[in-house]
Structure formats: structure tokens, C-alpha cells
Amino acid sequence: SFKLSYSQNQFLLLESNNLKNIDRARVFAPNTLSTDLNDCKVTINSKGDELVFSVTSPPYKLSVLMSMKFDGNTWSDAYVLPFSGLFKDSDPYLSPDGTYLFFSSNRPIKGNSPNKDFNIWYSKKENDVWAEPKPLDEIINTTNNEYCPAIANNGNLYFCSDKPSGVGDSDIYFSEFINGVYSEPQCLPEPLNSKQSDESPYVAPDESFLLYKSYREGDFGNGDIYIS
């Protein structure tokens with residue numbers, strides 16, 4: 001068995017018969033997915049045959065969403081998604097069924113100029129092509145930064161925001177998906193959120209656990225992975 005990890009701007013393939021005891025790590029798709037740019041935030045569909053990731057050029061002048069497909073034997077070359085390339089698109093997250101792709105972007109909601117803050121957008125796959133993205137409505141997107149979306153099987157949304165009403169510098173929020181509409185987001189309480197930055201959530205499809213990155217005091221390094 002295997003899983004993907006991320007370290008020093010590269011994706012690592014972690015190989016083990018038991019994921020609690022990693023046998024070895026090797027760079028995943030060198031020079032294709034793992035390059036000399038900042039390759040990050042990979043998301044894979046439940047079938048394991050399509051992945052999306054972001055590529056950022058230092059110092060964050062451009063960020064695009066790229067994809068690769070698996071034919072059963074090999075991964076395809078990476079290609080830029082048809083709607084990406086003009087604005088800073090990042091933090092991709094595929095819905096568990098692979099039908100929707102959520103991401104954060106500074107693309108304009110109105111007009112043609114880049115937004116001053118980041119908002120959460122989504123694209124629906126139609127005839128095996130990702131459609132033109134749409135922003136989530138204003139109950140989710142505010143004048144602050146909303147980013148790092150994560151979606152459960154039932155459509156419930158977890159995401160990050162630096163709204164001043166939160167617990168710390170950036171916090172993880174939850175919005176329930178009810179009858180096709182997102183509810184008022186709730187800032188998850190302490191100790192899940194801390195006085196520092198908590199971000200990059202991954203939610204199990206059944207919401208049985210939440211993984212996220214935190215920069216709280218007493219951790220092992222410059223940001224660690226926590227589970228709740």
C-alpha cells in the first residue's frame with residue numbers, strides 16, 4: 001500500500017504494508033508532478049485515477065492548477081486545467097465522488113481585476129471536462145481570505161479563514177450543506193483551533209476524523225499535522 005506525503009516542495013510516495021510503519025519514501029512523479037517549483041496541495045479522486053495539484057512560482061507571482069490521469073499502468077503528463085492560468089488558483093480539493101473540484105483563488109467575482117483577497121470557488125465536471133468555475137456565495141466568501149476547502153460525502157464544507165472573529169491568526173470553519181445550500185459557517189472551537197494558525201484541513205468522507213496543519217506552541221517543527 002502507499003500514500004502521498006509532501007516535503008521540501010516535493011511529493012513523496014510512502015510505501016508500507018502498514019501505513020503506521022513507513023518502510024521508505026521516494027519522490028512521486030519526478031520532473032512531472034514533483035519539479036523545482038513549489039508543487040503542493042495534491043488531491044486524488046476515490047478511484048485513484050485522477051489527481052489535481054497546484055504549482056506556484058516563487059515568490060508567489062503565479063499559481064495554477066494542474067492535473068494528471070492514470071490509465072491503469074502509468075500517469076499522464078501534467079497539464080494545466082482549462083480554466084486556470086490567469087489568476088492565483090491554489091488549494092484544490094476533489095469531492096469524494098470526483099464530480100466537483102473546490103479551490104481558492106484571487107480571481108475576480110466582479111469585473112476583470114484580481115481580487116484583493118482569496119475566495120473559494122468550485123468547478124463541476126461535465127462530459128469529462130471541468131466547467132468554468134463559480135464562486136461560493138457570500139455566506140462563505142467574505143472580504144477576508146477564505147481558502148483550503150475540504151468536502152465531505154454529504155457536501156459539508158470545512159475551510160480556513162483569517163476573519164478577526166476567529167480564535168487565532170487563521171482558523172478552520174465548518175458549514176453544513178442543507179438542501180443544497182451552505183449554512184452560516186461556524187468557527188470550530190478550541191482546542192481544535194488555537195491562538196496560532198490552523199489550516200489545510202482534510203476531512204474523512206464520512207467526517208469521522210479531520211487532519212489539519214497547525215503552528216501551535218510545543219510542536220515538532222514549523223507546522224505539524226494534527227488529527228481530531
Taking all atoms of both residues into account, what is the closest heavy-atom pair of Asp91 and Ser104, and its distance? OD2-OG, 2.6 Å
Could you report the tightest heavy-atom contact between Ile109 and Asn119, atom names first, then the distance? CD1-ND2, 3.5 Å
For residues Tyr79 and Lys69, determine if any side-chain heavy atom of one lies less than 4.5 Å from a side-chain heavy atom of the other. yes
Determine the interplanar angle of the Phe177 and Tyr182 rings, folded into 0 to 90°, and report it as parallel if under 30°, tilted if 30 to 60°, perpendicular if over 60°. tilted
Going by heavy atoms in the side chains, are Pro201 and Cys148 under 4.5 Å from each other? yes
Using the rule that two of Ile, Leu, Val, Met, Phe, Trp, Tyr join whenever any of their side-chain heavy atoms come within less than 4.5 Å, decide whether Leu81 and Val55 are in one cluster. no
Who passes salt bridge (charged side-chain N to carboxylate O under 4.0 Å, His left out) against Asp171, sequence neighbours left out? none
Looking only at heavy atoms, which two atoms of Pro149 and Phe103 are closest? And how far apart? CG-N, 3.8 Å
Given side chains that start at C-beta, do those of Tyr226 and Asp224 come closer than 4.5 Å, heavy atoms only? yes
For the pair Asn193 (side chain) and Ile172 (backbone), establish whether a donor and an acceptor sit closer than 3.5 Å, ignoring hydrogens and angles. yes
Can you establish whether the number of heavy atoms outside Asp206 located under 6.0 Å from its atom CG is more than 12? yes
Which heavy atom of Leu192 sits nearest a heavy atom of Tyr212, and at what distance? O-OH, 2.9 Å
Say you draw a straight line from OG of Ser63 to CZ of Phe118; how long is it, rounded to the nearest 0.5 Å? 7.5 Å
For the atom pair OG (Ser165) and CG (Asn144), what is the distance rounded to the nearest 0.5 Å? 8.0 Å
For a 4.5 angstrom cut-off between non-hydrogen side-chain atoms, does Ser54 reach Pro92? yes
Flag the pair Ser194 / Val167 as yes when at least one side-chain heavy-atom distance between them is below 4.5 Å, and no otherwise. no
A quick test of your reading: do over 12 heavy atoms of other residues, nucleotides or ligands sit less than 6.0 Å from CD of Glu138? no
State whether Arg216 and Asp198 are salt-bridged, where the test is any N-O pair (Lys NZ or Arg NE/NH1/NH2 against Asp/Glu carboxylate O) under 4.0 Å. yes
For the residue pair Cys187 and Gly166, what are the closest heavy atoms and their distance? SG-CA, 4.1 Å
So do Lys41 and Ser200 actually touch side chain to side chain, heavy atoms under 4.5 Å? yes
Donor-acceptor pair, side chain of Asn141 and main chain of Ile120, under 3.5 angstrom: yes
Between Tyr100 and Tyr122, how do the two ring planes meet: parallel, tilted or perpendicular, split at 30° and 60°? tilted
Show, in sequence, the C-alpha distance, side-chain angles and deciding distance for Glu146 and Tyr173, and conclude whether the side-chain hydrogen bond (donor to acceptor under 3.5 Å, both in side chains) test is met. CA-CA 10 Å; Glu146 280 75 41; Tyr173 285 75; over 6 Å; no
Salt bridge (charged side-chain N to carboxylate O under 4.0 Å, His left out) partners of Lys125, counting only residues at least two apart: Glu50, Asp128
When rounded to the nearest 0.5 angstrom, what distance separates OG1 in Thr99 from CH2 in Trp130? 7.0 Å
Could you please spell out the steps behind the side chain to side chain contact (heavy atoms under 4.5 Å, CB included) verdict for Leu157 and Ile151? CA-CA 5 Å; Leu157 173 68; Ile151 309 297; 3.3 Å; yes
In terms of the angle between their ring planes, are Phe70 and Trp75 parallel, tilted or perpendicular, with boundaries placed at 30° and 60°? tilted
Salt bridge (charged side-chain N to carboxylate O under 4.0 Å, His left out) involving Lys195 - partner list, sequence neighbours excluded: Glu190
Report the distance from atom CG of Asp169 to atom OG of Ser197, rounding to the nearest 0.5 Å. 4.5 Å
Does any part of the side chain of Asn179, heavy atoms only, come nearer than 4.5 Å to the side chain of Val181, both counted from C-beta? no
What's the separation between atom CD1 in Ile44 and atom CZ in Phe53, rounded to the nearest 0.5 Å? 11.0 Å
About how many Å separate CE of Met66 and CG of Asp77, when rounded to the nearest 0.5 Å? 9.0 Å
Would Val52 end up clustered with Phe83 when hydrophobic side chains under 4.5 Å apart are linked, directly or stepwise? yes
Of all heavy-atom pairs linking Arg107 and Pro133, the shortest is NH1-CG, 3.9 Å
If Ile, Leu, Val, Met, Phe, Trp and Tyr residues are connected whenever their side-chain heavy atoms lie under 4.5 Å apart, and connections chain through other members, are Leu136 and Tyr158 in the same group? yes
Verify same cluster id: Leu65, Leu94 (apolar side-chain graph, 4.5 Å): yes
CA sep, side-chain torsions, deciding dist, call: Ser170, Asp162, side-chain hydrogen bond (donor to acceptor under 3.5 Å, both in side chains): CA-CA 4 Å; Ser170 75; Asp162 59 3; over 6 Å; no
Test your reading of the model: is there a side-chain donor-acceptor pair from Asn154 to the backbone of Asn156, 3.5 Å cut-off? yes
Would you kindly confirm whether Leu51 and Leu101 end up in one hydrophobic cluster when ILVMFWY residues are joined by side chain heavy atoms under 4.5 Å apart? no
Counting only heavy atoms not in Ile225, do more than 12 fall under 6.0 Å of its CD1? no
Worked check of side-chain hydrogen bond (donor to acceptor under 3.5 Å, both in side chains) between Asp71 and Asn73: CA-CA 6 Å; Asp71 64 8; Asn73 293 304; 4.5 Å; no
Has Ser183 got a side-chain atom pairing as donor or acceptor with Glu176's backbone, closer than 3.5 angstrom? yes
